[in-house]
Amino acid sequence: MAWRSSGQSNVALVENMYKNSLITSPIVKAAFLKVDRAHYAPSSPYQDSPQAIGHGATISAPHMHANAVESLLEYILPASASEVLDIGSGSGYLTHVLAELVGEGGVVVGVEHIRELQELGQGNMSKSPEGQALLSSGRVRFGLGDGRKGWTEPKSGWDAIHVGAAAEELHEDLVNQLRSPGRMFIPVGAKDGWDQYIWTVDKDRKGKVSTQRGYGVRYVPLTDAPVSRRGDL
Ligand code: SAH
């Protein structure tokens with residue numbers, strides 16, 4: 001992205017992203033204002049840059065979160081009961097923002113392959129009463145598993161899939177789990193962090209899949225879990 005939108009507070013950060021047109025929808029802006037990034041980023045939460053969260057993972061930069069949400073928005077709204085998958089949920093920040101958007105009957109499932117990060121995301125959400133309410137209502141859940149296989153609950157698939165780590169390919173299971181219509185936002189590229197691009201994968205009402213390559217990015221890779229941290233995999 002061409003510019004940064006750092007601020008001294010959550011409100012300032014979100015307002016700056018709005019001013020810089022990184023957030024264009026007032027609905028998205030309202031959702032970002034509801035989630036204090038300080039609960040999710042261990043340092044400099046209002047800086048528009050990624051931050052390390054341990055286990056080789058990072059909380060993505062705010063402008064990337066904003067872009068991901070805006071790109072998926074029409075599949076998250078206007079249904080009051082959208083179902084959204086957030087693969088590589090990490091800090092849990094985006095999972096929380098998505099939950100503010102899906103509506104009361106909606107569900108967001110965050111998937112992590114490292115147990116400590118699954119717990120981190122859930123723990124971060126528990127820091128605010130709003131986050132706690134979303135967890136206890138069941139609107140948000142954090143699962144442990146290999147996100148390359150998606151998540152088969154609910155079995156009918158997902159209106160939107162966000163992938164927060166760079167895949168080496170457009171994994172078939174993920175495309176299969178997209179609803180008609182549905183959209184996936186996924187960074188795809190080499191493991192070494194170079195030559196990665198955001199791809200959007202759209203499935204139309206008839207089930208026809210189309211893909212579009214977007215801008216260049218640098219994400220943590222979507223990999224096998226380190227053996228010592230796999231939990232139940
Ligand atoms: N959206 C998160 C991004 C975290 S970094 C945030 O902004 O906080 C990417 C995350 O993907 C890491 O937490 C990493 O553990 C997770 N990840 C990598 N490969 C995975 C896989 N195969 N399945 C599930 N999660 C994976």
Side-chain angles (χ1 to χ4, degrees), residues 13 17 22 31-32 35-69 71-72 84-101 108-125 127 131 140-153 158 160-174 177 184-193 196 198 217-233:
L13 168 67
M17 288 200 286
L22 295 163
F32 273 80
V35 184
D36 190 344
R37 210 164 170 276
H39 295 155
Y40 294 89
S43 62
S44 308
Y46 309 126
Q47 204 172 297
D48 190 6
S49 61
Q51 311 286 341
I53 55 171
H55 308 286
T58 56
I59 174 171
S60 298
H63 67 257
M64 281 309 309
H65 284 143
N67 191 255
V69 171
S71 149
L72 293 172
V84 179
L85 189 60
D86 182 24
I87 294 171
S89 50
S91 66
Y93 174 80
L94 191 68
T95 323
H96 188 167
V97 172
L98 291 167
E100 296 289 353
L101 290 162
V108 183
V109 176
V111 179
E112 254 304 325
H113 67 161
I114 297 180
R115 185 183 293 281
E116 286 90 336
L117 290 173
Q118 178 203 19
E119 289 167 1
L120 178 78
Q122 201 160 311
N124 286 342
M125 268 198 86
K127 290 179 187 169
V140 173
R141 279 178 262 152
F142 288 92
L144 184 66
D146 184 350
R148 293 170 293 193
K149 298 188 167 66
W151 195 260
T152 50
E153 173 216 5
W158 303 96
I161 300 179
H162 171 263
V163 184
E168 287 182 78
E169 56 179 292
L170 293 174
H171 295 286
E172 204 183 326
D173 285 339
L174 299 182
Q177 286 175 34
M184 172 159 67
F185 176 102
I186 179 169
V188 181
K191 247 192 205 152
D192 61 11
Q196 293 177 0
I198 294 296
V217 287
R218 193 148 190 210
Y219 274 67
V220 166
L222 193 66
T223 58
D224 292 333
V227 173
S228 60
R229 304 200 183 278
R230 261 182 213 188
D232 300 324
L233 291 183

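These values consider heavy atoms only, across backbone and side chains, with no hydrogens, waters or symmetry-generated copies. All ligand and atom numbering here is 1-based and tracks the order in the structure.
By the 4.5 Å heavy-atom criterion applied to side chains, Asp86 and Trp158 are not counted as neighbours. Side-chain atoms of Gln177 and Thr152, non-hydrogen and from C-beta on, do get closer than 4.5 Å to each other. Taking 4.5 Å as the limit, every side-chain heavy atom of Val97 sits out of range of all side-chain heavy atoms of His65. Side-chain contact between Val84 and Leu72 is absent, with no heavy-atom pair separated by less than 4.5 Å.
Residue-ligand proximity, Leu117 to ligand 1, at heavy-atom distances under 4.0 Å covers atoms 13 (O), 15 (O). For ligand 1, the atoms closer than 4.0 angstrom to any heavy atom of Ser91 are 6 (C), 8 (O). If you number the atoms of ligand 1 from 1 as listed, the ones under 4.0 Å from a heavy atom of Asp146 come out as 21 (C), 22 (N), 23 (N). In summary, the atoms of ligand 1 found under 4.0 Å from a heavy atom of Arg148, numbered by their order in the structure, are 22 (N). Close approach of ligand 1 to Pro221 is summarised as follows: ligand atoms under 4.0 Å from at least one heavy atom of the residue are 18 (C), 19 (N). When each atom of ligand 1 is checked for a heavy atom of Ile59 under 4.0 Å away, the hits are 6 (C), 7 (O), 8 (O). Close contacts of ligand 1 with Gly145, meaning ligand atoms under 4.0 Å from a residue heavy atom, involve 23 (N), 24 (C). Heavy-atom proximity to Ala57, at under 4.0 Å, picks out these atoms of ligand 1: 12 (C), 13 (O).
For atom 9 (C) of ligand 1, the nearest protein heavy atom (residue, atom name, distance) is Gly164 O, 3.3 Å. Of all protein heavy atoms, the one closest to atom 16 (C) of ligand 1 is Glu112 OE2, 3.3 Å.
For the residue pair Ser91/Asn124, the side-chain donor-acceptor check at 3.5 Å is not satisfied.
Crowding of Glu172 atom CD: a count of heavy atoms from other residues, nucleotides or ligands under 6.0 Å not exceeding 12. Environment of NZ in Lys127: crowded, with over 12 heavy atoms of neighbouring residues, nucleotides or ligands closer than 6.0 Å.
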Report the C-alpha separation of His96 and His39 in whole Å, then their side-chain angles, then the decisive distance to 0.1 Å, and conclude whether the side chain to side chain contact (heavy atoms under 4.5 Å, CB included) test is met. CA-CA 11 Å; His96 188 167; His39 295 155; over 6 Å; no
Worked check of side chain to side chain contact (heavy atoms under 4.5 Å, CB included) between Thr95 and Leu98: CA-CA 5 Å; Thr95 323; Leu98 291 167; 5.7 Å; no
I'd like to know whether Ile198 forms a side chain to side chain contact (heavy atoms under 4.5 Å, CB included) with Tyr219, so could you lay out the CA-CA distance, the side-chain angles of the two residues, the decisive distance to 0.1 Å, and finally the verdict. CA-CA 10 Å; Ile198 294 296; Tyr219 274 67; 4.1 Å; yes
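Contact between His65 and ligand 1 is present, with at least one heavy atom of the residue lying under 4.0 Å from the ligand.
At least one N or O atom of Gly147 sits closer than 3.5 Å to an N or O atom of ligand 1. When only interatomic distances are considered, the shortest N/O to N/O separation between Gly88 and ligand 1 falls below 3.5 Å. Taking only nitrogen or oxygen atoms, main chain and side chain alike, His113 reaches within less than 3.5 Å of ligand 1.
Counting only non-hydrogen atoms, the option in Leu94, Thr58, Ile87, Thr95 that gets closest to atom 4 (C) of ligand 1 is Thr58.
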